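One structure is given here, and the rest of the page talks about it.
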Amino acid sequence: ETLDKGLEKSNRSFFDKIGRAVAGKSKVDDEVLDELEEILISSDVGVETTVKIIKMIEDRVAKDKFMSTSELDQILREEIMKLLAENKSSDSTFEIPESDKPYVIMVVGVNGVGKTTTIGKLAHQFKQQGKKVVLGAADTFRAAAVDQLVIWSERVGVPIVKQGMGADPASVAFDSVQSAKAQNADVVLIDTAGRLHNKVNLMNELSKIKRVMQKVIPEAPHEILLVLDGSTGQNAFEQAKQFTAATEVTSLAITKLDGTAKGGVVIGISDQFKIPVKYIGVGEGMNDLQPFDKYEFVDSFFK
Ligand code: GDP
């Protein structure tokens, strides 16, 4: 419902803009396509994906010789759905297997995007599914990050593994995975520091964390979840670029879609980086993390 509220706001304006672009026109022509291009870009869909969508529509216009403006919504909707499907967005959320314990989810992203909150919300969901969860506070760079995660561990009621401020993140990750294994936990969520100012450092730090976790669980991490703030537009694209250059990323969580008037980031980032969007954040509370549902998303985009 919150998603609907937030997205409705955004999507009403998206829808209104398209309405304005085609007002008084019966046919999708170059002028309409130019305006559509601007609308997609201003909705944070990103240049690359916008160009791709426009090209798809041009091709359809060329093939059918004519496209009425009244069909445009439906065709856009189909094309966006196709893009999301190609990247397997919304196919599934994290499935924690019964065997191979613990399932290791490493969570990356820059400070402030909602990384800690997303970890807390995920821990809550897993716990509700009857899973035994452990949190690992490997973002040792900021004291506040550890404090925040401690608060979430208390709120949700799951154990946390931490060390002092400034401790080696890899050492915390190692302890966390080992402790989760000893407790026969189902899943361990590892928070990491998101310092982007030095790409080589970030890369080294993340690969060291991975390496030491693999001493305990050779398959770890099973997932590398990148958290992005959906309300930051181009910044989110830039972060996706930097993180995917520094590490493999297996899935995305896009937060703060309750507050944004531009849900287009979800479409653009998933398409450009070929990574499935698994979760969306729609508020600050424990229950405000939803599995990404492309049908619902596209529906509200065009409402
Ligand atoms: P981190 O630095 O990446 O760990 O970010 P935090 O998890 O501490 O979140 C930063 C701020 O964003 C906090 O005030 C959170 O309550 C807020 N936040 C996180 N996710 C969402 C969301 O989906 N919607 C809204 N409205 N706020 C969020």
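Each ligand, and each atom within it, is numbered from 1 in the order the structure gives. Residues: numbered from 1 along the sequence shown. These numbers come from a predicted model, not from an experiment.
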Original post:
Hey, which atoms in ligand 1 end up nearer than 4.0 Å to a heavy atom of T116?
Top reply: 1 (P), 4 (O), 7 (O)
Original post:
Is T117 in polar range of ligand 1, meaning some N or O pair under 3.5 Å apart?
Top reply: yes
Subject >> Residue-ligand contact D288/ligand 1, heavy atom below 4.0 Å >> reply: no
Subject >> Selected option - heavy-atom contact closest to atom 12 (O) of ligand 1, from K256, E284, Q290 >> reply: K256
Original post:
Is D229 salt-bridged to K256, cutoff N-O under 4.0 Å?
Top reply: yes
Original post:
Considering only heavy atoms, which of G283, G285, G114 lies nearest to atom 22 (C) of ligand 1?
Top reply: G283
Subject >> Shortest non-hydrogen contact between A123 and V158, atoms and distance >> reply: CB-CG2, 4.3 Å
**OP:** Of the side chain and backbone of V110, name the one, both, or neither that has a heavy atom under 4.0 Å from an atom of ligand 1.
**Re:** backbone
**OP:** Do me a favour and list the nearest non-hydrogen protein atom to atom 3 (O) of ligand 1 with residue, atom name and distance?
**Re:** K115 N, 2.8 Å
**OP:** Heavy atoms only: give me the nearest A137-I160 pair and the separation to one decimal.
**Re:** CB-CD1, 4.1 Å
Original post:
Is it the side chain, the backbone, both or neither of V282 that has a heavy atom closer than 4.0 Å to ligand 1?
Top reply: backbone
**OP:** Examine F94 together with Y279 and report whether their ring centres are nearer than 6.0 Å.
**Re:** yes
Subject >> Pairwise distance NZ(K27) to NZ(K65) - rounded to 0.5 angstrom >> reply: 12.0 Å
**OP:** Find all atoms of ligand 1 within a distance of less than 4.0 Å from any non-hydrogen atom belonging to G112, and give their numbers and elements.
**Re:** 1 (P), 2 (O), 3 (O), 5 (O), 10 (C)
Subject >> Atoms of ligand 1 close to G281 [distance to a heavy atom under 4.0 angstrom, numbered from 1] >> reply: 23 (O)
Original post:
Hey, looking at atom 26 (N) of ligand 1, which of T255, T118, D258, D191 has the closest heavy atom?
Top reply: D258
Original post:
Hey, is the main chain of E31 close enough, under 3.5 Å, to the side chain of D34 for a donor-acceptor pair?
Top reply: no
Original post:
Do R60 and E71 sit within salt-bridge range, that is, some charged N less than 4.0 Å from a carboxylate O?
Top reply: no
Subject >> Any N/O pair Q148/ligand 1 closer than 3.5 Å >> reply: no
Subject >> Centroid separation F297 to F292 less than 6.0 Å >> reply: yes
